[in-house]
Every structure is written in structure tokens, then in C-alpha cells.
Amino acid sequence: MAKEKYLVTSALPYANGDLHIGHIAGAYLPADIFVRFQKLLGNDVIYICGTDEHGAPISIKAEQENVPPRKIVDKYHKRIKSAFDGLDIQFENFSGTDRKVHYKLSQNFFSDLNKNGFIQTHTNEQLYCENCNRFLPDRYVEGECPFCHSEGARGDQCDSCGKLIDAIQLTNPLCITCRSTPIIRETTNWFLNLPKFSDKLQKWIESKTEWKDNVKKFILNWLKSGLKERAITRDLNWGIPVPTENTDGKVLYVWFEAPIGYISSTIEWSEKIGKPEKWRDYWFDKNTKLIHFIGKDNIPFHTIIWPAMLMGQDKKYILPDDVPANEYLNLEKNKISTSKNYAVWINEYLEEFSEIPLRYYLAANAPENKDTDFVWKEFQEKYNTDLANTFGNFVNRVLKFSDKHFEHTIPLPQKISNKNEEILTNISDIREKIKQLYQTFKVRKACKMIIDLARFGNQYFDNTIPWKTIKTDRKSTAEMMFICGEIIRNLAIVIYPIIPSSSKKLWKMLGFDKSILKYGWNGLSAKSDKPIIIQNIETLFEKIPDDLIERQVNKLKNLNNIPQKTSGKKIISFETFQKLDLRIAKIIAAEKVKKADKLLKLQISIGSITKQIIAGIAKNYSPKELIGKNILILNNLEPAIIKGEKSEAMLLAVVDGENLSLLIPEKEIPEGSKVL
RNA sequence: GGCGAUGUAGCUCAGUCGGUUAGAGCAUCGGAAUCAUAAUCCGAGUGUCCGGGGUUCGAAUCCCUGCAUCGCUACCA
């Protein structure tokens with residue numbers, strides 16, 4: 001059988017912070033499991049990754065800590081790598097994007113796209129700090145939010161109201177490094193012309209019938225709503241210089257160069273193993289299956305932008321074969337939040353646990369089709385019952401029993417009964433199913449089937465009561481031990497991708513002379529042809545005690561700032577209701593808002609005060625018919641700017657589908673009257 | 001507002017192409033067993049399959065509609 005060839009990548013982790021369980025569950029563990037599975041099958045597979053090391057957040061952090069960016073990057077590269085090592089996630093190469101190979105290749109990518117007419121420049125206005133002598137990227141600016149007017153809004157987003165902001169909209173902007181007021185200045189940047197790839201992308205994606213539903217639907221929607229040009233350069237010092245003229249102080253945007261890291265890391269690997277041309281066997285061979293493991297936030301980059309970048313090259317790079325994006329992992333019902341330190345950090349985890357329970361729990365509870373929840377108590381129970389009790393105890397009771405009664409072996413039987421033959425066939429069917437599950441990224445189900453197999457082992461053991469038959473019928477007891485041994489041999493291999501270290505430990509107890517990888521999945525298809533010589537029997541899985549789990553739960557509880565996941569409408573107190581200033585107001589003027597077909601600009605009077613309101617009712621009411629009407633408003637809603645117009649209160653109306661009706665008092669009542 | 005996803009036992013979820021009495025694990029209760037890490041095995045369950053309509057001999061499954069939750073998004077305010 002011809003070997004299949006796989007090039008597997010996981011999203012490059014950003015080198016300004018540590019890894020937490022969400023990262024692992026989404027992109028790294030599923031990839032590691034897939035890669036290990038392919039290695040068991042004997043296929044040609046390499047797993048490539050590295051840290052993403054450029055961009056504004058890193059350079060800001062560097063300035064804040066008064067160190068060169070390189071220092072930040074080195075620190076986190078190291079910490080991230082050690083987290084992966086601790087979790088037994090093994091790459092063929094783990095590189096970084098601030099290396100020479102990567103610079104050269106990224107610049108080539110830009111040049112090819114430019115030469116082939118896929119890049120053009122646009123000029124727009126940006127904030128410029130005269131004191132620091134540079135354009136300020138979004139996150140280098142803070143100021144007053146133009147929507148909610150809270151202080152300290154960043155140039156890209158306001159943390160207080162969550163709105164996305166264009167930095168030049170900020171009121172009273174300040175440069176975060178020198179606290180001086182920036183000016184507005186024009187700048188030119190380079191844009192990738194995505195619309196040119198639209199048709200090609202559409203066809204390509206439609207051909208991907210086997211892709212996960214959620215991924216495909218998401219992209220087709222994106223394409224349907226039309227692609228836009230995207231800036232691929234930034235005014236920043238920390239990054240890869242733009243390889244063309246008049247580009248001082250401009251670098252390639254991180255999202256543009258980061259995925260190129262998949263290639264440059266492969267090149268680095270080739271050089272390391274002394275075969276500098278080897279990377280071409282993967283990236284230019286259309287038989288290679290390129291698989292990108294990512295979180296769902298990364299779908300557009302890996303299915304639209306990155307393939308477009310590859311299509312626009314002179315060299316014929318392969319395109320992604322599959323992009324099995326995962327959903328998110330929540331933590332104890334809440335969203336993981338790095339900024340609020342609400343997370344389980346891998347490095348911290350590894351101080352108290354081995355990698356085994358986490359790998360198992362995240363595999364069994366992987367967010368494959370929908371968001372899932374990490375619950376410490378569940379983590380403990382899942383591990384203790386599935387692995388320690390069901391799996392571990394089965395192995396232990398079989399090995400101890402056979403060790404004692406059959407001279408430290410699991411013997412070969414002289415003949416096998418029909419019933420037992422049937423069981424062996426059954427086992428091989430299950431193994432085949434598990435194989436299919438791994439191949440199609442369904443690790444949750446694979447976990448379940450594996451534990452089911454261990455459970456079947458226990459049932460078989462109990463039903464055949466060897467502790468009794470050994471006294472009367474040694475032959476048939478030997479035969480049933482053999483069956484149990486076959487189950488264990490299968491278990492050791494099929495669990496390998498998920499918890500390799502336990503699998504190897506078990507393999508050692510079974511005393512096979514070939515390593516588990518050499519023996520491989522195919523070694524399973526043959527029946528054992530010599531007795532298993534049982535080695536030292538060790539406890540395969542130590543149970544996790546309650547107090548250890550309680551400590552973890554308390555760690556999270558002690559945070560004062562737990563992010564809320566639920567945004568739904570809750571019961572509110574009367575006190576809260578009283579905060580609303582609901583009043584009757586008279587419309588004294590009305591006109592359409594320019595460049596908006598649903599919005600009306602209304603002048604209203606509330607007693608002696610007049611205010612302006614922007615209301616989305618133009619489809620249902622004409623300006624004329626509104627004048628003179630008494631309507632209900634929420635008077636003390638925070639002001640906002642809509643389509644450049646100020647809105648100082650909110651008009652209340654009821655809707656039913658297309659139907660919209662103003663709320664008008666049933667009797668004559670003076671304007672300014674309050675709702676009670 | 002638009003697009004998408006989800007809703008099944010106390011909890012976590014499976015349920016293929018529409019097909020018998022709707023399943024598994026955990027938790028609970030009862031029992032068996034003593035080879036084993038007090039682990040294991042057997043048995044008992046409990047269901048408005050989110051609500052309402054429809055198609056069909058037959059619907060958890062297909063169609064329509066409503067509700068709830070989540071995500072993305074918009075000219076919500």
C-alpha cells in the first residue's frame with residue numbers, strides 16, 4: 001500500500017502570552033492526535049508550527065517593559081515550547097516568524113503578488129505622533145470612546161461598550177507611549193485584492209465536499225457577501241519590511257506573513273535534518289495533503305486569504321486539503337479571558353498534573369462541533385472513571401491474574417472456540433471503526449469507542465469467571481486470557497494518539513520487542529503469534545484526589561472579575577427599572593438621515609428641553625406624518641453617534657416583523673410626563 | 001434586523017437513509033462477585049425528544065412557524 005503524505009500545521013501561537021487549555025483543545029491537541037495516528041499507520045507526516053512574533057501587541061509590551069521586542073518574543077517562545085513539551089505535543093519543527101528564512105520568503109510572497117497584479121496601494125488618514133515620530137497603530141492610541149464616552153478606549157475597540165472603533169474617531173486621542181496628542185496625517189498602505197480571487201476560491205471551496213459543515217457554511221457566507229480588499233501593510237517598526245520603494249517605517253501586516261510561517265518553518269526543518277530541498281517534496285507535491293488545525297476565529301484567514309495568497313504565487317504551492325476548525329472551549333460555564341486571567345494556564349497546570357488527564361479530557365470533550373465546557377469536577381470524574389477505573393483496572397486485573405497463573409505470560413491458546421473467534425472479529429471491527437473516526441477528526445467518538453472496548457473487556461472477564469475456572473479448566477482459562485490479552489494489545493495501540501505516554505508504558509508491560517510505532521496500527525491486524533511475556537506491572541493511571549481539584553476550582557473562584565457568558569435578559573429589580581427615565585415627548589421636526597434608508601432625524605421637545613433623536617423608523621413613517629405626535633422615549637439613554645448624527649435619547653416603538661408602531665398615549669397628556 | 005448553530009433522562013451527550021418499546025456514560029438505588037487500583041459486573045428506572053402546526057401508514061429525524069441559548073454581522077439606540 002502506498003504511503004500517504006501529510007503536512008499538518010497548527011495556528012501559530014502569538015508570542016506575547018502563555019498558552020491555556022482553550023488553545024490546546026482547539027488547535028494543538030487535535031493536530032497532535034491526528035499526526036500520531038498517521039504515524040501509527042506508517043504514513044509520511046510532518047507536523048509544523050512556530051510562534052507568531054511580530055505586530056503591535058508585542059511591540060507595545062516591549063515598550064512598556066522597556067526591552068527590545070526580541071526579548072519578549074524569546075521569553076514566550078520558550079514558555080510556549082515548554083508547555084507543548086509538557087503536554088507531549090511534538091512537532092517536526094517549531095520555529096518563529098522573526099527568523100531570516102521567514103523574512104525572505106514573506107517578502108517573496110509579497111513581490112509575487114505585487115508582480116502578478118494582486119496588490120495595490122490606498123491612501124487614508126491615520127493618527128501620527130509627532131513626538132514619537134511615527135504613525136500610531138490602533139492599539140497605540142487611547143482616548144474617549146465616540147459612542148459611550150468612557151475614557152481609555154483603545155484605537156480599535158472600546159472595552160467599556162465593546163464597539164469597534166476607527167482610531168481617528170476617538171475624542172481626545174493620546175499616544176499611549178508619550179501621552180501627547182497625535183495629529184491626523186495621510187499614509188499609504190498596500191492592499192491585497194481579494195475580489196480578484198473570488199471565483200477561483202468559490203470553485204475551490206465547493207469542491208471540498210468532505211469539509212466540516214460549520215467551516216464550509218461559514219466561508220460560503222463570507223464569499224456570498226462579497227470579498228473586500230484587505231490592507232497587508234502597517235505603519236510599524238516591528239515586523240518584516242515591505243520589499244518595494246518608499247516603504248520606510250512600513251512592515252507586512254502580521255496576518256499576512258504569519259501563515260507563510262508554515263512554509264518557512266518547513267524549510268527550517270529541511271535544513272536542520274540536512275536535506276535542504278526536502279520541504280519542496282511537501283509544498284510542491286500535489287499528493288501532499290495539507291491540513292491546517294485552527295480555532296474557529298481563524299477560518300477566514302485559512303480558507304480565503306491564505307489560499308488566495310498561495311494562488312497568487314509564481315510557484316505552484318499546494319492549497320489546504322482540509323481545515324478542521326474547532327469551536328471554543330469555555331471554562332466552568334464562562335468564557336476564557338486572558339486579560340482577566342480567567343483561564344487554566346498550561347504551565348501552571350503542569351506543575352500539579354501530568355499531561356495525561358488533560359489530553360484525555362480535552363479529547364473526550366473536544367469542541368468539535370460546538371462549544372464545550374471545561375469543568376474541573378468533570379475533568380476529574382472523566383479521568384478517574386474512564387481511564388483509572390475502567391481501562392486501568394482492566395489491564396491490571398488481567399495482567400496480574402495471568403502473571404500469577406501462567407508463569408508471567410499471557411499464553412497462546414491451543415485452539416480458539418467459535419464464540420471467541422467471533423469476539424476477535426468483533427474487536428477487529430471496532431478497531432476499524434476507531435481508525436475511521438481518527439481519520440475524519442472525530443476524536444470524541446474515538447475516545448468513547450476505546451473506553452467501550454475496555455468496558456467490554458471487563459464484562460468478558462466477569463462473565464467468564466477465570467478465578468473459578470482456573471481451578472478446574474486451565475486450558476479454557478488460558479484461551480480467555482488470550483482474548484483479554486488481545487483486547488489489551490488493541491487498546492494500547494488505539495489509545496496511543498490520545499495519551500502516548502500511557503500507551504508506551506502499557507506497551508512496555510506487555511514486553512513486545514518492537515516499539516509501538518514500529519509495530520503500528522497494521523501490526524494489530526495479525527493475531528499474536530507468541531505469548532506475551534509480562535514485565536513489571538505498574539499502575540497505569542493514578543487517580544486524581546478530590547482536594548487537588550478543589551484547589552483548582554478555588555483558584556478560579558477567587559478571581560474577582562469572572563467574565564459573564566450569559567448576555568440574555570434577566571429579571572431586573574424594581575430599583576433598576578426606576579433608573580429608566582421614560583417620558584412623553586413631542587416631535588417638533590423630522591427629516592431623513594443622509595445615506596441611510598431606515599433612519600430619521602427627529603427633534604423632540606420634553607417640556608422646556610429639546611433633543612435630537614436618530615430612529616430607525618423611516619420604512620414605516622414619513623417625516624411629515626410624525627410632526628406633532630406625542631411619543632414615548634427613554635430620556636436618559638447615553639448619547640451616541642449614528643451615521644455621523646448625534647442621538648440623545650431613544651424612541652420606543654413595538655415591532656412585529658415588518659410592522660412597526662409608535663407608542664402613543666391613549667389620552668391627551670402633556671409632553672415631559674413620566675412613566676410610572 | 002440579517003446569517004448560522006444548538007435545544008433529547010437529574011448532569012454530559014449519542015441517535016445514520018423517516019421504520020418496532022428513544023439510547024450510552026456519569027450520578028442515584030438495589031443486587032452479584034472477590035482476579036483486580038473499593039476497582040468490576042448485573043438490574044431498576046425516570047423522557048411534553050423546546051412549543052405549535054403540517055407531510056406521511058409511520059416523525060426526535062423532513063417542511064413551516066414560534067420560543068430560548070450561543071456565535072458572527074448590520075444603517076439597533
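Lettering of chains follows the sequences in order, A, B, ..., and the numbering in each one begins at 1. What you are looking at is a predicted structure, and each value in this text was computed from that prediction instead of being measured. Note that these values count all heavy atoms, side chains included, but never hydrogens, waters or copies made by symmetry.
- Between A:R455 and A:D452, at least one side-chain N (NZ, or NE/NH1/NH2) sits under 4.0 Å from a carboxylate O, which counts as a salt bridge.
- Between the side chains of A:K433 and A:Q436, no donor-acceptor pair is found at a separation under 3.5 Å.
- Rounded to the nearest Å, the gap between the P atom of B:rA59 and that of B:rC67 is 26 Å.
- Protein atom CD1 of A:I488 is 14 Å distant from nucleotide atom P of B:rU37, rounded to whole Å.
- The interatomic distance linking A:N369 (CG) with B:rG15 (P) rounds to 9 Å, in whole Å.
- B:rU37 atom P lies 12 Å from atom CG of A:L399, rounded to whole Å.
- A salt bridge between A:D371 and A:K296 is present, with a side-chain N of the basic residue lying under 4.0 Å from a carboxylate O of the acidic one.
- Minimum atom distance to the side chain of A:R455 is reached by B:rC41, of the listed B:rC41, B:rC35, B:rU37.
- Between A:W376 and A:F353, the ring planes are parallel. Angles under 30° get that label, and only those over 60° would be called perpendicular.
- Atom pair A:I534:CD1 and B:rA36:P shows a separation of 14 Å (rounding to whole Å applied).
- Between A:T539 and A:Y328, the residue anchored nearer the 5' end of RNA chain B, judged by the nucleotide with its closest heavy atom, is A:T539.
- Going from the C1' atom of B:rU46 to that of B:rU56 covers 31 Å, rounded to whole Å.
- Salt bridge A:E538/A:K504: absent, no basic N to carboxylate O contact under 4.0 Å.
- Separating the P atom of B:rG58 from that of B:rC17 is a span of 22 Å, rounded to the nearest Å.
- For the residue pair A:N458/A:R397, the side-chain donor-acceptor check at 3.5 Å is satisfied.
- Picking from B:rU37, B:rU12, B:rC70 the nucleotide with the shortest atom distance to the side chain of A:D371 gives B:rC70.
- Within residues 458-465 of chain A, the residues having any heavy atom under 4.0 Å from RNA chain B are, by residue number, A:N458, A:Q459, A:F461, A:D462.
- If you check B:rU46 for Watson-Crick or wobble pairing at under 3.5 angstrom, you find it has no partner at all.
- In this structure, B:rA5 and B:rU69 make a Watson-Crick or G-U wobble pair, each of the two defining distances being under 3.5 angstrom.
- The environment of CG in A:D429 is crowded: more than 12 heavy-atom neighbours from other residues, nucleotides or ligands sit within 6.0 Å.
- Side-chain contact check for A:T372 and A:E327: no donor-acceptor pair (N or O, by modelled atom type) lies under 3.5 Å.
- Pair assignment for B:rG19 gives B:rC57, based on Watson-Crick or G-U wobble hydrogen-bonding distances that are each under 3.5 Å.
- Within the nucleic acid shown, A:K404 has no heavy atom closer than 4.0 Å to any nucleic acid atom.
- Look at CG on A:N365: it is 16 Å from P on B:rC26, rounded to the nearest Å.
- In a base pair of the Watson-Crick type (N1 to N3 plus N6-O4 or O6-N4) or a G-U wobble (N1-O2 and O6-N3), with each distance short of 3.5 Å, B:rU40 is matched with B:rA32.
- Of the candidates B:rC35, B:rU37, B:rA14, B:rA14 carries the atom nearest the A:K370 side chain, counting heavy atoms from C-beta on.
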**OP:** Could you check A:D322 against A:K208 for salt bridge (charged side-chain N to carboxylate O under 4.0 Å, His left out), going step by step and ending with a plain yes or no?
**Re:** CA-CA 8 Å; A:D322 204 345; A:K208 297 294 182 184; over 6 Å; no

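- Put simply, A:W467 rests on the base of B:rC35: the two rings are less than 5.5 Å apart at their centres and nearly parallel, under 30°.
- Of the nucleotides present, none pairs with B:rA27 by Watson-Crick or G-U wobble criteria with both distances under 3.5 Å.
- Heavy-atom distances under 4.0 Å link RNA chain B to A:E378, A:E381, A:A388, A:N389, A:G392 of residues 373-392 of chain A, given in residue order.
- Distance check on atom P: B:rU69 versus B:rA24 gives 32 Å, rounded to whole Å.
- For B:rA39, the OP1/OP2 oxygens have a side-chain nitrogen or oxygen of A:K543 closer than 4.0 Å.
- Comparing the C1' positions of B:rC41 and B:rU34 gives an interatomic distance of 12 Å, to the nearest angstrom.
- Rounded to whole angstrom, the span from the CG atom of A:L220 across to the P atom of B:rG4 amounts to 12 Å.
- Protein atom NZ of A:K400 is 11 Å distant from nucleotide atom C1' of B:rA39, rounded to whole Å.
- Of the charged side-chain nitrogens involved, none lies within less than 4.0 Å of a carboxylate oxygen, so that A:K419 and A:E422 do not count as a salt-bridged pair.
- Taking the six-membered ring where the residue is Trp, A:F374 and A:Y361 present perpendicular rings, their angle passing 60° and hence far from 30°.
- Tested against A:S402 for a side chain to side chain contact (heavy atoms under 4.5 Å, CB included), the candidates A:P531, A:P411, A:C484, A:P466 yield a single pass: A:P411.
- The residue among A:F218 and A:E538 whose nearest nucleotide of RNA chain B lies closer to the 5′ end is A:E538.
- When the C1' atom is compared between B:rA9 and B:rA22, the two are found 11 Å apart, to the nearest whole Å.
- Taking the C1' atoms as reference points, B:rG30 lies 47 Å from B:rC63, given to the whole Å.
- Going from atom CG of A:D452 over to atom P of B:rA24 covers 11 Å, rounded to whole Å.
- Across the C1' atoms, B:rG19 and B:rA60 are found 13 Å apart, a figure rounded to whole Å.
- The side chain of A:K468 has B:rU34 as its nearest neighbour among B:rU37, B:rU34, B:rA14.
- In this structure, A:K433 does not reach the B:rU16 phosphate: none of its side-chain N or O atoms is under 4.0 Å from OP1 or OP2.
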